[in-house]
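Single-structure report; data block below.
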Amino acid sequence: MVKVKILPDKENASAEVAQELYDLIVEKPDAVIGVATGSTPELAYELLAEKVKANNIDVSQLQFFALDEYINLPWDHPESYHSVINRTVTVPLGVDPSQVHVPEAPDDAAEGPVRYYDEQIEAAGGIDVQLLGIGRNGHIGFNEPGTPFDAPTHVGRLTDMTRQDNSRFFDSVEEVPPLAVTQGIGTILKSRKAILMAFGDAKADAIRDSLAQPPAEERPGSGLQLHSDCIFYLDEAAAAKVDSELLKVN
Ligand code: GLP
């Protein structure tokens, strides 16, 4: 079941997401939060950190699980997701790096399951809120089209479109690693709540395909229709191709 909330712009949507996370942290100081990379959630992280600092909230019991990480990219590379999560979540919130987990697989990893990460998530009590962005082809985490909906954390291959899109963070597309380890759609579906954010018209097709058609593995975002408590925070441009009768705004 997916609820959809359309806000006039990214600023308003990010403020609502930051407030949801803040409320969770205040209510449950040992909350487990799934964090996404990409440019979409960055403002929500900033606004959350501001609120947490302004109100002197204790963050020492929180736990964070990143969605994904490239394979064969050194962790100290500025675009490794270890570095990105450190820069956007760990440091601004003032949490200890030991509270933040990022999936790992050896540089010579083959495609297939990486189960230790799901076990770690389970041992932490499961994810309370999982944040997500979405790729232009509908990928969530690095679950590309065709990924089974029950996939655990696994090593998967990036599509050419995803490598092309992510090449803006690198000097060239050849530098974007072809393999990544990602929470599976099965892992994501186990979170108690999922929040997907999408902004801008480049995401409009992916959002339409996630919401307006039945779940199908060639549309990874549509797998979220199987989630028990999922909400999409969209700006008007990202929501432009979804029929209004499909939208349950509250
Ligand atoms: C990457 C990440 C995804 C993210 C997507 C969209 O491929 N693995 O988790 O959702 O990019 O990124 P952006 O938010 O920058 O559009």
Side-chain angles (χ1 to χ4, degrees), residues 9-11 13-14 17-18 33-47 64-73 77-89 100-105 114 117 127 129-147 151 153-170 173 175-185 187-189 191 194-207 209-210 219-224 227 230-235 237-239:
D9 52 33
K10 174 180 174 163
E11 285 66 30
S14 302
V17 171
I33 300 174
V35 281
T37 51
S39 19
T40 305
E42 283 179 358
L43 181 58
Y45 295 148
E46 260 177 53
L47 297 173
F64 295 87
F65 284 87
L67 258 181
D68 46 15
E69 175 59 292
Y70 293 110
I71 289 179
N72 221 342
L73 191 68
H77 187 288
E79 294 307 330
S80 80
Y81 289 170
H82 279 80
S83 298
V84 173
I85 291 294
N86 191 56
R87 205 159 58 227
T88 58
V89 176
V100 183
H101 312 273
V102 179
E104 284 157 20
V114 178
Y117 200 60
I127 289 178
V129 171
Q130 175 66 58
L131 294 173
L132 297 164
I134 191 163
R136 279 196 303 140
N137 65 355
H139 74 254
I140 52 176
F142 272 128
N143 292 278
E144 296 281 28
T147 307
T153 297
H154 63 280
V155 172
R157 189 166 290 279
L158 275 54
T159 60
D160 290 345
M161 183 194 273
T162 299
R163 289 184 77 206
Q164 195 64 53
D165 285 350
N166 290 4
S167 67
R168 69 189 193 281
F169 297 114
F170 295 83
V173 69
E175 276 188 29
V176 183
L179 293 177
V181 53
T182 180
Q183 283 189 35
I185 297 179
T187 316
I188 293 167
L189 290 176
S191 58
I195 297 178
L196 183 142
M197 284 177 271
F199 309 130
D201 52 13
K203 301 293 172 69
D205 286 345
I207 292 301
D209 291 350
S210 300
R219 300 186 291 275
S222 70
L224 293 167
H227 197 287
C230 179
I231 182 161
F232 281 25
Y233 281 94
L234 309 175
D235 67 1

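Quick note: numbers below take in every heavy atom, side chains included, and nothing from hydrogens, waters or symmetry partners. Ligands are counted one by one from 1 in listed order, and the atoms in each one are counted from 1 as well. Count residues from 1 along the sequence.
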Stepwise, does the side chain to side chain contact (heavy atoms under 4.5 Å, CB included) test hold for His154 with Thr182? CA-CA 6 Å; His154 63 280; Thr182 180; 3.7 Å; yes
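- In terms of protein heavy-atom proximity, atom 6 (C) of ligand 1 is closest to Ile134 O, 3.6 Å.
- Protein heavy atom nearest atom 16 (O) of ligand 1, with residue, atom name and distance: Lys203 NZ, 2.6 Å.
- The protein heavy-atom contact nearest to atom 4 (C) of ligand 1 is Thr37 O, 4.1 Å.
- For the ligand labelled ligand 1, residue Met197 lies outside the 4.0 Å heavy-atom shell.
- Of all atoms in ligand 1, listed by their number and element, those nearer than 4.0 Å to a heavy atom of Gly141 are 2 (C), 3 (C), 8 (N), 9 (O).
- By the criterion of a heavy-atom distance under 4.0 Å, neither the backbone nor the side chain of Tyr70 is placed next to ligand 1.
- Ligand 1 is approached by His139 to a heavy-atom distance shorter than 4.0 Å.
- Ring geometry for Phe142 versus Tyr70: interplanar angle of 30 to 60°, hence tilted.
- Every atom of ligand 1 is numbered from 1 in the order shown, and the set under 4.0 Å from a heavy atom of Tyr81 is 1 (C), 2 (C), 8 (N).
- Residue Gly133 has at least one heavy-atom neighbour below 4.0 Å for each of these atoms of ligand 1: 10 (O).
- Taking the side chain as every heavy atom from C-beta outward, Glu46 and Ser14 never approach each other to under 4.5 Å.
- If you check each of Glu144, Arg136, Arg168 against atom 15 (O) of ligand 1, the one with the closest non-hydrogen atom is Arg168.
- Side-chain contact between Pro103 and Gln183 is absent, with no heavy atoms from C-beta onward closer than 4.5 Å.
- Put simply, the side chain of Phe169 does not reach to within 4.5 Å of the side chain of Val84, judged on heavy atoms.
- The shortest distance between side-chain heavy atoms of Asn86 and Val102 does not fall below 4.5 Å.
- Per-residue contacts place Phe142 under 4.0 angstrom from the following atoms of ligand 1 (heavy atoms of the residue considered): 7 (O), 8 (N).
- Counting only heavy atoms from C-beta outward, the side chains of Arg168 and Ser39 approach each other to under 4.5 Å.
- In terms of protein heavy-atom proximity, atom 14 (O) of ligand 1 is nearest to Thr40 OG1, 2.4 Å.
- For His77 and Phe170, the gap between ring centers is short of 6.0 Å.
- Counting heavy atoms closer than 4.0 Å to ligand 1, residue Ser39 contributes atoms from both its backbone and its side chain.
- Side-chain N or O atoms of Glu69 include none that pairs as donor or acceptor with a backbone N or O of Val181 at under 3.5 Å.
- The closest protein non-hydrogen atom to atom 12 (O) of ligand 1 is Gly38 CA, 3.9 Å.
- When heavy-atom distances to ligand 1 are checked against a 4.0 Å cut-off, Asp68 comes that close only through its side chain, counted from C-beta outward.
- Residue contacts with ligand 1, taken as heavy atom pairs separated by less than 4.0 Å, do not involve Ile140 at all.
- With no hydrogens or angles considered, no side-chain donor-acceptor pair links Thr147 and His139 at under 3.5 Å.
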Take Leu196 and Ile207 through the test side chain to side chain contact (heavy atoms under 4.5 Å, CB included) and record every step on the way to the result. CA-CA 10 Å; Leu196 183 142; Ile207 292 301; 3.9 Å; yes
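- Judged by the shortest distance from any of its heavy atoms, Arg163 lies outside the 4.0 Å radius around the atoms of ligand 1.
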